[in-house]
Every structure is written in C-alpha cells, then in structure tokens.
Amino acid sequence: MPGDLNTIVTLAGPNDKAAIAALMAAMDLHYQGSTLGNLEEQIARVDTYMDEADNGTSYAIARLEGEPAGIACFTLFRNGLIHPGSVFLKDLFVLNSARGNSIGQKLMEFVARYAHDKGADRIDLSVDVPNTGAAHFYEPLGGKAVDSKRFFRFSSEAVASLAGRS
C-alpha cells in the first residue's frame, strides 16, 4: 500500500554525494530534459557544492527501502531582526518510480522540523505556474499562494553583465 514502505529522511552529509548527484541528475532530466555528463562528473559537481563554505545549501534525502528516492534542496535565511528567519525551499523532487509513497510529504515534514528547530517561522518556495500538481501538493500541507509577491530571475547573461564580467 502506498505510504506504508520504509521511508527515512535525513540531512545529507559527505557520504551522500553519490545519492545527491543521482537525484539531481534525475531532477535535471525530469525538468530540463538533460543533465551533466556522467556520474563521476555529477559527483564532482556535488563535491564542489558541498565544499563551498558560503554555499548555504542543505540537502535532505529520502530513502525508500534504503534507496535514494527524493531530495529537498533548501537554505536557512536570517533576514531581519523582527522576523526570526525563514527556510527557502529551492527544489523538492521525488523519483517517478517512488511517487505515491508519501515521500514528498515526508521531505516537507523534515524541512518543517528543520525550520522550526532553527527558530525560523516560515518556509518560502516558488513553483512553475503550469505545475498545478505542485499547488495540489503544497496547499493541503498548509502552503498558501502569495499573490502580493513576484518572482524574478536573473539569467546567466544578466548576472555576468551586472557583475561587470560580460
């Protein structure tokens, strides 16, 4: 029965680089249609990410029956004195083969515990407008669409130009 299988969610550490790389590659393929080279190159990229002192990204990995099945990529922000902080959830992804087992919910519960334990009082995230499934997933968990906010993205070209590197 869906949701009854053994699922464990943990904060990723250095020994999880291969699992993070495999899940990120699957997420890239799902959303972008391609991914970076081979597994060795993918692990090297994750190794770089995890070694960056100023990166700030945390990864939660869900394992279904011991195998990596989902990932949440998030960061904790301390932004202001009145507001104690927030967690920004950049990506939450569950392998197609593992969907229907409450893995997404368990990842969200993990991120919520992390936020609460760090004293943050909210989780922020964005979803693609055409992804109505995301709204159907987040709303029952307590997520609310915020119409008063607008999402901006600076392309790689815009970043280079703004940084004076173009």
Side-chain angles (χ1 to χ4, degrees), residues 1-13 15-36 42 46 49-50 55-155:
M1 172 182 285
D4 288 349
L5 298 175
N6 182 22
T7 303
I8 297 172
V9 180
T10 58
L11 194 60
N15 294 333
D16 295 311
K17 291 175 184 176
I20 293 169
L23 289 164
M24 284 183 162
M27 184 169 54
D28 285 347
L29 288 171
H30 182 83
Y31 290 112
Q32 310 299 326
S34 65
T35 192
L36 175 71
Q42 295 162 0
V46 169
Y49 291 167
M50 292 184 82
N55 179 325
T57 305
S58 295
Y59 306 96
I61 297 178
R63 288 183 169 80
L64 180 64
E65 299 295 326
E67 295 299 317
I71 188 167
C73 308
F74 59 97
T75 191
L76 175 68
F77 286 97
R78 299 293 187 190
N79 46 327
L81 299 175
I82 295 173
H83 172 60
S86 61
V87 166
F88 183 77
L89 177 64
K90 174 58 180 106
D91 287 302
L92 186 139
F93 177 74
V94 176
L95 295 173
N96 286 336
S97 61
R99 292 184 181 190
N101 289 294
S102 302
I103 293 169
Q105 179 169 340
K106 290 177 182 176
L107 282 164
M108 284 300 298
E109 290 168 354
F110 181 91
V111 172
R113 282 191 300 276
Y114 179 92
H116 189 267
D117 291 351
K118 297 288 185 180
D121 65 353
R122 72 177 195 231
I123 298 170
D124 294 323
L125 59 101
S126 64
V127 299
D128 293 330
V129 172
N131 188 352
T132 57
H136 294 301
F137 172 71
Y138 292 117
E139 287 172 348
L141 298 177
K144 306 282 185 227
V146 179
D147 294 331
S148 63
K149 296 288 183 180
R150 182 177 291 168
F151 173 79
F152 286 87
R153 175 174 290 144
F154 290 77
S155 68

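All values below come from the heavy atoms of this structure, side chains included, with hydrogens, waters and symmetry mates left out.
Using a distance-only test at 3.5 Å, with no hydrogens or angles considered, a donor-acceptor pair links the side chain of Asn101 to the main chain of Ala98. Arg122 contributes no side-chain N or O that, together with a main-chain N or O of Val87, makes up a donor-acceptor pair within less than 3.5 Å. At distances below 3.5 Å, at least one donor-acceptor pair connects side-chain atoms of Thr75 with backbone N or O atoms of Gly56. Formation of a donor-acceptor pair under 3.5 Å by the Gln42 side chain with backbone atoms of Ala22 is not found in this model.
In this structure, Tyr49 has its ring center no closer than 6.0 Å to that of Tyr59.
Side-chain contact check for Phe88 versus Asn79: every heavy-atom pair is 4.5 Å or farther apart. Side-chain contact check for Tyr138 versus Leu92: some heavy-atom pair is nearer than 4.5 Å. At a threshold of 4.5 Å between non-hydrogen side-chain atoms, the residues Asp16 and Arg63 count as touching. At a threshold of 4.5 Å between non-hydrogen side-chain atoms, the residues Leu36 and Met24 do not count as touching. Within the 4.5 Å cutoff, side-chain heavy atoms of Arg99 are placed close to those of Asn96.
With rounding to the nearest 0.5 angstrom, the OH atom of Tyr31 is 7.5 Å from the CG atom of Asp91.
Residues Leu76 and Ala120 approach most closely at CD1-CB, 3.9 Å, considering heavy atoms.
Ring pair His30/Phe93 is tilted by interplanar angle, where 30° to 60° counts as tilted.
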